[in-house]
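Report on one structure; see the data block that follows.
Protein chains get the first letters and strands the later ones, always in sequence-line order, with residue 1 at the start of each.
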2 protein chains.
Amino acid sequence: MSTRPPSMRDVASRAGVSLSTVSRVMRGAPGVAPQVRERVRNAADELSYVVSRNASGLVTGRTGRVSVVVPYLKPWFFGSVLAGISEVLREADLDMLVYQVGDLRPQPGWTRTLPLRRNCDAVITVSMDLSEEECHRLDDVGVPLVLTGQRVPGRASVFIDDQAGAAGATRHLLNLGHTRIAYIGSRGDSWYSGSSMNRLRGYQAAMGKAGLTPWSLIKPPGHEGGEHAMGELLSDLDPPTAVLAEFDDIAMGAHRALRRSGIGVPEAISLMGFDNHEGAAILDLTTVDQSPADIGAAAGRLAVEITEGTRPRDTHLEMPTQIIPRQSTSAPRSVRGLS
Amino acid sequence: MSTRPPSMRDVASRAGVSLSTVSRVMRGAPGVAPQVRERVRNAADELSYVVSRNASGLVTGRTGRVSVVVPYLKPWFFGSVLAGISEVLREADLDMLVYQVGDLRPQPGWTRTLPLRRNCDAVITVSMDLSEEECHRLDDVGVPLVLTGQRVPGRASVFIDDQAGAAGATRHLLNLGHTRIAYIGSRGDSWYSGSSMNRLRGYQAAMGKAGLTPWSLIKPPGHEGGEHAMGELLSDLDPPTAVLAEFDDIAMGAHRALRRSGIGVPEAISLMGFDNHEGAAILDLTTVDQSPADIGAAAGRLAVEITEGTRPRDTHLEMPTQIIPRQSTSAPRSVRGLS
DNA sequence: CTGTTAGCGCCTTCAA
DNA sequence: TTGAAGGCGCTAACAG
């Protein structure tokens, strides 16, 4: 059972050539006669031999692996990002290591618990909202770093303009004729994430420019937060006619509260999310699309270029967002009556 | 920039000991004086040295890595399974390689394109529905295999009893008083997946036992399928009073069709899914829970045990399923009227 | 308890 | 175009 798998030596003797020749063939290096090349290929196939990345990496100093660090693996968003990264890496013949650090994040030394050094050629962080210090710690492992979900000057990073996206969403509601537009945002236990802050700012800015007073509720993340917030809004003396949620999960919770209260969407209240969660399509929820797979692919490409030594010309990639209009938003009743 | 990272030699000379001693300390091997151990630890810390898995693996024959093979990365299900696997592997100090093979699956030799051999200690497949032949091909790479999402006699595998789950779901609807219960299933381009088949069978069996005629529609997977199927059902002369979907995505599509048609759930039609998708909670959809994270954790544990040489006592793990009653199912109107 | 030695499988010189 | 020799960083025997 546990007999050692075939090594290059086995292939060499089977093909009747030397180790170096097999090595050259397997790497696709030039300087081997076509016939010999063929013979070696066959021998390798028959033994179903593959090169040990371990051993080759030992010599070349490259591991052929890229680490992806995510806070959590369950939310749909991360799966999509990983899918994008995965495809790019496969094409570049790199393997993808995945580390979920969510629970150990609070520990100050979490970066050291990852066996990154010497075990991968690059690190991609996904929406980790890294502090300056954390970035430095990761730098210390001596592996190139690509960030996603946050914009950090001077570092390879892929991100969206959350502020512009939220402002655009707000304008969409303004354009429909709404003036009483509430915003439901989120805050973790101890801090705002950068993207939370930026989306809130975008909403506030758009409202301000329209001469309206922002009206925002901040809740713990998740759809429960949306549900509670919507409850509060519905108990207001003069409830909003439109609600923008920081992300779709929140919007979906709000949607549930409305459904349970028998309040029509968008007849009574327009509802808009952010992210284009797959559930948003099912709820016919108007939202802002950021395509995570594209973000992943872009980050993957950066990582590949960096590991291959070709300095990418632009290491700062701002990805576009796009409003997806669906049936959860419409003009407010008053305006509709007039038109 | 690209100066070689510190090696064991650097640590050894800094601590004033030999390579073996450093090795022993780093591995936690016994036989080192506490003082010396401490001294080595410090030296390693100061250099922020970590052992190269590459090099140690070359000697031990173990890589410290487990490969996880998934068809796709985007669907929520796989993220949850990965989360479960990830935690278990981290505790065992193993790294997780992830391969998404969806698109290249049709090619007969896809198993060979994965650089599995010599690059990991075990392979976990997630809902890959492997054929006997594919299993053999993977065996050929000489790495222990753990399957999830399918029951294969004689192989380490983690699975749920789809048939029993679907039968239970059907009985739930029967118990509520429904008799006209339709089933919406899915089929890929060319074949049923094993779990699709089993769920359909479970439904059919439960209906048969109740003396009722099964009524099933088979569509392409995804929520569109559910939407179309529901359209068909609604255009029937005598529509069903309850619908069971093979999985939540389908149910969510059906739910959307009902919502758009203004048909009350569960007032007019009860709707039930399978999987406990997070969207199911938002739609208040009654469903059958299979907890993917637990499946992943169980598979991860099997993989760890196998790589560590401890033959697990049971390599065949059937995970429980559980009905989650929510507001999308109730007694049919006729029965309700009587009670 | 500690150090020395000989590889693990491969790539990279260099020589033929 | 091919082969032989040396070493990548580490562990596993052994010897002290």
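A:M26 has its CE atom 16 Å from the P atom of D:dT2, to the nearest Å. Nucleotide D:dC10 holds its P atom 5 Å from the CE atom of B:M8, rounded to whole Å. Atom CZ in A:R62 sits roughly 16 Å away from atom C1' in C:dT12 (whole-Å rounding). Here the C1' atom of nucleotide D:dC10 and the CG atom of A:N119 are 13 Å apart, to the nearest Å. A:L58 has its CG atom 4 Å from the C1' atom of D:dC8, to the nearest Å. Computed from coordinates, the B:L19 CG to C:dT4 P distance equals 9 Å when rounded to whole Å. Between the CZ atom of B:R53 and the P atom of D:dT11 there is a distance of 11 Å, given to the nearest Å.
When distances run from any side-chain atom of A:R24 to the nucleotides D:dG3, C:dT2, C:dC11, the shortest one goes to D:dG3. For B:S20, the listed nucleotide lying nearest its side chain is C:dG3; candidates were C:dG3, D:dG9, D:dT2. For A:S18, the listed nucleotide lying nearest its side chain is D:dG3; candidates were D:dT11, D:dG3, C:dG3. Checking C:dT2, C:dC11, D:dG9 against the side-chain heavy atoms of B:S52 singles out D:dG9 as nearest. Checking C:dC8, D:dT2, D:dG7 against every side-chain atom of A:V59, the shortest atom distance belongs to D:dG7. Among D:dT2, D:dC10, C:dC11, the nucleotide with an atom closest to any side-chain atom of A:V36 is D:dT2.
Positionally, the nearest nucleotide of DNA chain C for B:P34 lies more toward the 5' end than for the other of B:A55 and B:P34.
Within the 4.0 angstrom heavy-atom criterion, no nucleotide atom of any strand lies near A:V22.
Ion pairing between A:E305 and A:R301 fails under the 4.0 Å rule for side-chain N and carboxylate O. Using a cut-off of 4.0 Å between Lys/Arg side-chain N and Asp/Glu carboxylate O, A:D139 and A:R155 are scored as salt-bridged.
Taking side-chain N and O atoms only, A:R27 has a distance below 4.0 Å to OP1 or OP2 of C:dT12. Residue B:S56 places no side-chain N or O under 4.0 Å from the OP1 or OP2 atom of D:dC10. Contact annotation: A:T21 side-chain N/O to D:dG3 OP1/OP2 distance is under 4.0 Å.
Counting atom types as modelled, B:S23 pairs no side-chain N or O with a base atom of D:dA12 as donor and acceptor under 3.5 Å.
Screening B:E133, B:E134, B:E132 against B:H136 for a side-chain hydrogen bond (donor to acceptor under 3.5 Å, both in side chains) leaves a single residue, B:E132.
The number of heavy-atom neighbours closer than 6.0 Å to CZ of B:R27, taken from other residues, nucleotides and ligands shown, is above 12.
A:N54 and B:R65 are linked by a side-chain donor-acceptor pair at a separation below 3.5 angstrom, with hydrogens and angles left out of the test.
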